[in-house]
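Each chain gets a letter, A, B and so on, in the order its sequence line appears, and its residues count up from 1.
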Amino acid sequence: MTDTPRWFQTTAIDYPNSRPHIGTAFEKLGADVQARYRRMEGYDVFFLMGNDENTVKVSKRASELGQEPQAYCDDMARQFREVWDALDISYDTFVQTSHERHKQCARAFIQKVHDAGYIYKGSYEGWYCDGCESFKTEKELEGGNCPIHKRPVIRRSEPCHFFKLSAFSDRLLAYYDENPDFIQPESRRNEIISLIKNDGLLDVNITRRGEAWGISVPFDPEFTIWVWFDALLTYITGIGYGDDRATFDKYWPADTHFIGKDITRFHCALWPAMLWAAGEQPPKKVFGHGFVNFEGKIGKSRTEELKARGLDYLLEPMEIVRRFSAEAFRYYFLRECPYPGDGDFSPDRFMEVYNSELANNLGNLFSREMTITWKSFGGVFDGTTGTIPESVVPGLDLATFVADVRGHVEACRYNLALQAIVQDFLTPTNQYLEKNAPWKLVKTDKAAAKRVLFNAVQSLRVASILLKPFIPRSAETIYTSFNFPTPWAEVKYADAAVLKALPEDLRITAELLDGKPPPLFPRIG
RNA sequence: GGCGGGGUAGCUCAGAGGUUAGAGCAGUCGCUUCAUAAGCGACGGGUCGCCGGUUCAAUUCCGGCCCCCGCUACCA
């Protein structure tokens, strides 16, 4: 019996006090590509997402709207999932931290950390605003005043429970040292290391007092669990921590936590320490992706400007999907924004990338190959059973090329993976057609023309396999337009690395209208 | 302030001590018509942020300066 490798990954869980935007979507997309790729490669994948609901902001937002916090959270969760579904994000579970199961498991965890002696009672002193009824950080203050109520804050201390984060400094540094890939990309890793080395880690207050909304602390019910301590636990409560040890043991430790670069500290320092304190293993990798700006920056004036230009719909993911497609949305961000770094979204660029690469390059290549094949050969390559296709890209070693793309995908360099597929493979295929002109050749040497098309169709097969994690629907449409022997659900990257003979004559299996397929990516603009 | 990253063609970026500094996109001009007015080919003379230094030679090495960005503990 063979052991299927498993792959457990998560995205950050989102605050549901506003709808998801293109930035939050960017994170899910990058994670989704990885999940889809790993599934293709035979991993037993579990992909966890969720919403972070036990925060004061959420209960405030709910009361502003005259709703109960729970009803508000459930509705927002529905809205988030609607967006993720529209974008074809292939998550396996969606955790809401306000749900009882999560709360029970979180309590079990904090109790364990407490029993292990890593939580102690103390008092937190800070700047308190009476209006907000909450503490303010130094950074938030504006000349000693509360930024919301514009009046002085007061020094106040109140009892709380601390987590002994400081006890884990050396162990964390050792872990980073022994696991150089733990924090990706490297720039984030360097930041965290220098942070711990230079400033050290302080114990952290992990409770809040007198909040009605949140998870009560089992050993001191007057308190609730601070949102971050609670939120991070989603990653384990979602796979059975606390009530399903078998499932938990199957998937933990996580292979990758996909997060925004701004919250690496919580994931790279606090989170492993929490797990150690509870006797569990730390995650294997944390990937801090970049941000997406809108035409350089985003701001209120920008929103107004976009409205004036009639483009404000581009701020709403659902609208982009509705007007174009999920595939167009996915492709733009994955192609144009480097996942490890920051990217930019602009309407002009969106159309350029879409038209140039999806419509003109890939879509048109598909279209022209289908049409000539249909016109000249009735969609069937007679007598090609057992024929091994020839390479159409001069100087390209297919196995090496696929290995390069694979390397980019595994390192989350999605933009480079797509760049390679388009520039090093699809464009040369168009050049091959141009050079051999089967539409002319068919008049003089039909067999030769057939051979050229037969070879070129292999590029569609290879490209669709490589593109499967990125644009799953279009890739499937391309692949299943022919009778390639391996079922779509079973294709692997390795299948793209070789040109093999077919067990039967290659032919078009797609439904055509007037000998043409409907445009895969209709041009826009 | 400290630590880190960066300033290269209109845009996004790659690059390396040394013949004419590269790619994609956009733009211009041809060819073509199988195809989604798609495809293919040609055309880029850009002080490689500024000022010095090392060197036979620097955009690539060193120093200084200017500008941008990230982190600097509880905000996505």
Side-chain angles (χ1 to χ4, degrees), chain A residues 12-18 20-21 23-24 27 52 55 57 124 126 135-140 163 165-166 185-206 208 226-229 231 259-266 269-270 288 290-291 293 335-338 341-344 346 348-349 351-353 355-376 415-416 419 422-424 427-442 449 452-453 456 515-524:
Chain A
I13 58 173
D14 300 304
Y15 276 165
N17 43 7
S18 63
H21 49 74
T24 41
E27 171 175 301
D52 183 9
T55 156
K57 283 180 183 172
Y124 177 81
F135 287 97
K136 299 288 162 186
T137 63
E138 294 275 348
K139 275 197 297 186
E140 285 178 297
F163 170 62
L165 179 59
S166 61
E186 207 174 308
S187 51
R188 302 268 93 83
R189 168 186 154 87
N190 295 339
E191 282 176 6
I192 296 294
I193 291 176
S194 74
L195 172 73
I196 297 180
K197 282 190 175 164
N198 298 336
D199 301 351
L201 293 168
L202 298 178
D203 291 345
V204 47
N205 170 12
I206 56 161
R208 293 295 183 266
W226 170 54
V227 292
W228 264 109
F229 200 92
I259 58 162
K261 63 182 182 179
D262 54 331
I263 55 174
T264 45
R265 191 176 51 222
F266 297 105
L270 176 62
F291 286 166
N293 292 317
R335 170 69 179 94
E336 192 63 12
C337 304
D342 291 348
D344 192 57
S346 88
D348 291 344
R349 190 72 187 140
M351 289 182 196
E352 278 176 13
V353 170
N355 283 333
S356 163
E357 299 193 352
L358 287 181
N360 298 351
N361 200 327
L362 175 61
N364 185 55
L365 175 66
F366 172 69
S367 192
R368 67 197 304 206
E369 286 193 19
M370 294 286 280
T371 309
I372 321 170
T373 302
W374 187 261
K375 276 190 183 173
S376 304
N415 60 321
L416 296 183
Q419 181 182 56
V422 171
Q423 290 180 18
D424 302 337
T427 292
T429 300
N430 270 313
Q431 290 166 337
Y432 171 82
L433 285 179
E434 209 66 35
K435 188 178 167 199
N436 294 287
W439 50 91
K440 280 184 186 165
L441 195 56
V442 72
V452 167
L453 283 171
K516 293 184 176 200
L520 211 47
F521 304 102
R523 279 179 60 86
I524 58 176

>> When the P atoms of B:G52 and B:A58 are compared, how many Å lie between them, rounded to an integer?
In response: 13 Å
> Using atom C1' of each nucleotide, how far apart are B:G53 and B:G17 to the nearest Å?
Replying inline: 15 Å
>> The criterion is side chain to side chain contact (heavy atoms under 4.5 Å, CB included); which residues satisfy it with A:Pro518, sequence neighbours excluded?
In response: none
> Given the rule that a pair is Watson-Crick or G-U wobble with both distances under 3.5 Å, how would you write RNA chain B in dot-bracket, using | for pairs to a different strand?
Replying inline: (((((((..((((....[...)))).(((((.......))))).....(((((..]....))))))))))))....
>> Between A:Asp342 and A:Asn293, is there a side-chain donor-acceptor contact under 3.5 Å, judged purely by atom types and distance?
In response: no
> In whole angstrom, what separates A:Glu191's CD from B:G5's P?
Replying inline: 11 Å
> Given the C1' atoms of B:G44 and B:A21, what is the spacing between them in whole Å?
Replying inline: 12 Å
> Say you pick atom P in B:G64 and the same atom in B:G4; how far apart are they, in whole Å?
Replying inline: 13 Å
> Partners of A:Ser166 by side chain to side chain donor-acceptor pair (under 3.5 Å), sequence neighbours excluded?
Replying inline: A:Asp203
> Residues two or more places apart in sequence or in another chain: which of them pass side chain to side chain donor-acceptor pair (under 3.5 Å) with A:Glu186?
Replying inline: none
> Listed by chain and number, what are the side chain to side chain contact (heavy atoms under 4.5 Å, CB included) partners of A:Glu336, not counting sequence neighbours?
Replying inline: A:Tyr332, A:Arg349, A:Val353
>> For nucleotides 32-39 of chain B, give me one character per nucleotide, 5' to 3': B if any protein heavy atom sits under 4.0 Å from the base, S if the only such contacts are to the sugar-phosphate, - if neither.
In response: --BBB-SB
> In whole angstroms, how far is the P atom of B:C74 from the CZ atom of A:Arg265?
Replying inline: 7 Å
> When the P atoms of B:C48 and B:G10 are considered, how many whole Å apart are they?
Replying inline: 14 Å
> Touch check for A:Ile263, heavy atoms < 4.0 angstrom, all strands: base, sugar-phosphate only, or nothing?
Replying inline: sugar-phosphate
>> Whole angstroms only, please: what is the CG-P distance between A:Asn205 and B:C74?
In response: 12 Å
>> Output the rounded distance in Å from CG (A:Asp344) to C1' (B:C69).
In response: 14 Å
> What's the CG-P distance between A:Asn17 and B:A76, to the nearest Å?
Replying inline: 11 Å
> Between A:Asp342 (CG) and B:C71 (P), how many Å, whole number?
Replying inline: 10 Å
> What integer distance in Å separates A:Lys197:NZ from B:G4:P?
Replying inline: 13 Å
> So which heavy atom on A:Glu27 is nearest to which on A:Gly260, and how close?
Replying inline: OE1-N, 3.3 Å
>> Just to verify, what does A:Glu357 make a salt bridge (charged side-chain N to carboxylate O under 4.0 Å, His left out) with, not counting sequence neighbours?
In response: A:Arg335
> To the nearest Å, how far apart are A:Asn190 CG and B:C69 P?
Replying inline: 21 Å
>> Of the options B:G70, B:C74, B:A73, whose atoms approach the side-chain atoms of A:Arg188 most closely?
In response: B:G70
> Residues two or more places apart in sequence or in another chain: which of them pass ring pair (Phe, Tyr, Trp, His ring centres under 6.0 Å) with A:Tyr432?
Replying inline: none
>> On RNA chain B, compare the nucleotides closest to A:Glu357 and A:Leu201; which residue's is nearer the 5' end?
In response: A:Glu357
>> Could you check whether any side-chain N or O of A:Ser367 sits under 3.5 Å from a backbone N or O of A:Gly363, counting only pairs where one atom can act as donor and the other as acceptor?
In response: no
>> Would you measure the distance from the P atom in B:G70 across to the matching atom in B:G63 and give it in whole Å?
In response: 26 Å
> Pairs in or reaching into residues 190-202 of chain A: which pass salt bridge (Lys or Arg N to Asp or Glu O under 4.0 Å), with residues at least two apart or in two chains?
Replying inline: A:Arg188-A:Glu191
> How far, in whole Å, is B:U8 from B:C67 if one measures between their C1' atoms?
Replying inline: 16 Å
> What integer number of Å spans the C1' atoms of B:G46 and B:C62?
Replying inline: 26 Å
